[in-house]
There are 2 protein chains.
Amino acid sequence: MMQEPALSPVRATRQRAAIENALERSRVFMSAQELHQELKGSGRRVGLTTVYRTLQSLADASRVDVLRNENGELMYRRCESRRHHHHLVCTSCGKSVEIASDQLETWADQTARRHGFTAVKHVAEVYGLCSACS
Amino acid sequence: MMQEPALSPVRATRQRAAIENALERSRVFMSAQELHQELKGSGRRVGLTTVYRTLQSLADASRVDVLRNENGELMYRRCESRRHHHHLVCTSCGKSVEIASDQLETWADQTARRHGFTAVKHVAEVYGLCSACS
DNA sequence: TTATCTGCAAACATTTTGCAGCGAG
DNA sequence: CTCGCTGCAAAATGTTTGCAGATAA
């Protein structure tokens with residue numbers, strides 16, 4: 001069993017609390033910039049640099065999921081499960097569901113092996129309109 | 001059957017020829033910057049702007065595949081098949097294989113439907129070491 | 001001839017880094 | 001009191017755009 005990395009230094013700062021809090025409330029992926037705006041809008045002032053650095057450290061600790069949107073920007077969302085998983089993301093409201101998929105893993109492994117590839121990793125995300133948006 | 005878009009105006013310029021030629025010879029994904037360097041190295045001078053614009057238009061016409069590397073940079077490679085497909089990419093030498101995957105499509109559709117999502121699209125790439133590199 | 005194409009320079013957008021000051025422990 | 005955290009300003013990157021001049025057709 002893999003153990004979650006023991007996140008190095010963590011000082012309980014106002015900024016970090018604000019960021020984690022915002023992530024906790026959101027069920028959608030947000031960019032660092034969006035999160036920064038969100039915080040600013042609700043009166044909690046946190047420097048953009050700090051938002052970037054904090055999100056990065058949270059991602060390193062597998063506390064948030066990271067993926068790139070169409071424009072190549074990094075998007076973050078609180079992790080529900082620490083296990084390997086993928087996402088089903090609504091292209092309209094941004095809501096996302098974490099999905100497990102043994103089937104997908106199996107397919108990736110088999111496909112790779114069939115072509116003589118080893119040490120397989122993969123990325124996969126599914127996009128569509130959620131029931132509320134369609 | 002979908003018909004390939006009738007690519008708007010296309011003048012046969014030296015630059016476009018150089019770019020298409022370089023793409024034709026390469027079996028690996030290259031960034032616009034890399035392609036630009038490659039051309040410069042082999043004596044064929046093409047402006048970086050032109051490389052970007054040409055690759056973009058080729059991508060629009062589905063003549064090249066586009067995907068983002070880990071750093072979010074756009075990578076291009078000549079398309080072997082115009083049909084929807086995914087890639088198996090060697091993380092060492094960059095060589096890639098186009099892979100079809102009815103299984104994957106089916107999985108994406110079913111997963112989405114199960115969660116009430118419609119209008120499904122998906123992205124998926126598989127990474128590993130090819131036989132020559134492992 | 002003329003509408004495209006080219007390419008430089010400048011603009012852009014996102015993310016990272018240098019560094020002086022703040023503040024949690 | 002210390003050392004990590006913060007945040008401004010500036011740098012770094014990758015990509016796009018404005019525009020004047022070159023050039024296929």
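By convention in this document, chain letters (A, B, ...) are assigned in the order of the sequence lines, proteins followed by strands, and residues within each chain are numbered from 1.
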(message) Can you tell me if Q56(B) touches the phosphate of dT15(D), counting only side-chain N or O atoms and a distance under 4.0 Å to OP1 or OP2?
(response) no
(message) Can you measure Y76(A) atom OH to dT15(C) atom P for me and round it to whole angstrom units?
(response) 6 Å
(request) Look at the side-chain N and O atoms of T13(B) and state whether any lies under 4.0 Å from the OP1 or OP2 oxygen of dT6(C). (result) yes
(message) Give me each pair satisfying side-chain hydrogen bond (donor to acceptor under 3.5 Å, both in side chains) with a member in residues 123-134 of chain B, each pair once, sequence neighbours excluded.
(response) H87(B)-E125(B)
(request) Scan side-chain atoms only and decide if D109(B) and H122(B) contain a donor-acceptor pair under the 3.5 Å cut-off. (result) no
(message) Tell me the interatomic distance from H36(B), atom NE2, to dG14(D), atom P, rounded to whole angstroms.
(response) 14 Å
(request) Tell me what A12(A) touches on the nucleic acid: a base, only sugar-phosphate, or nothing, going by heavy atoms under 4.0 Å. (result) sugar-phosphate
(request) Return the value, rounded to whole Å, for the distance between atom CZ of R45(B) and atom C1' of dA22(D). (result) 15 Å
(message) Is there a side-chain contact between Y52(A) and the phosphate of dT15(C), meaning an N or O under 4.0 Å from OP1 or OP2?
(response) yes
(message) If you compare every side-chain N and O of T50(B) against the phosphate oxygens of dG7(C) (OP1, OP2), does one of them come in below 4.0 Å?
(response) yes
(request) Determine the contact category for R14(B): base if any of its heavy atoms lies under 4.0 Å from a base atom, sugar-phosphate if only primed atoms, P, OP1 or OP2 are that close, otherwise nothing. (result) sugar-phosphate
(message) Does dG7(D) have OP1 or OP2 under 4.0 Å away from a side-chain N or O of Q15(A)?
(response) yes
(request) State plainly whether the residues E20(B) and R63(B) are in salt-bridge range, i.e. N to O under 4.0 Å. (result) yes
(message) Need to verify one output field. Residue with the more 5' nearest nucleotide on DNA chain D, R53(B) or L74(B)?
(response) L74(B)
(message) Against E98(B), only a single residue in R77(B), R27(B), R82(B) fulfils salt bridge (Lys or Arg N to Asp or Glu O under 4.0 Å); can you say which?
(response) R77(B)
(request) Write down the distance between CG (N71(B)) and C1' (dT15(D)), rounded to a whole number of angstrom. (result) 15 Å
(message) Distance check needed: dG14(D) C1' versus M75(B) CE, whole Å only.
(response) 13 Å
(message) Please compare R11(B) and G47(A) by the position of their nearest nucleotide in DNA chain D and report the one closer to 5'.
(response) G47(A)
(request) Find the distance D60(B):CG to dT15(D):P and express it as a whole number of Å. (result) 15 Å
(request) Check whether any side-chain nitrogen or oxygen of Q33(B) sits under 4.0 Å from OP1 or OP2 of dT13(D), and answer yes or no. (result) no
(request) Using only heavy-atom distances, decide whether a donor-acceptor pair under 3.5 angstrom links the side-chain of T49(B) to the base of dC8(C). (result) yes
(request) Please determine which of H85(B), H86(B), R78(B) meets the side chain to side chain donor-acceptor pair (under 3.5 Å) test together with D65(B). (result) H85(B)
(request) Please report, rounded to the nearest Å, how far the P atom of dG14(D) is from the CG atom of L48(B). (result) 10 Å
(request) Starting at atom CD of E73(A), determine the distance to atom C1' of dT15(C), rounded to an integer number of angstrom. (result) 11 Å
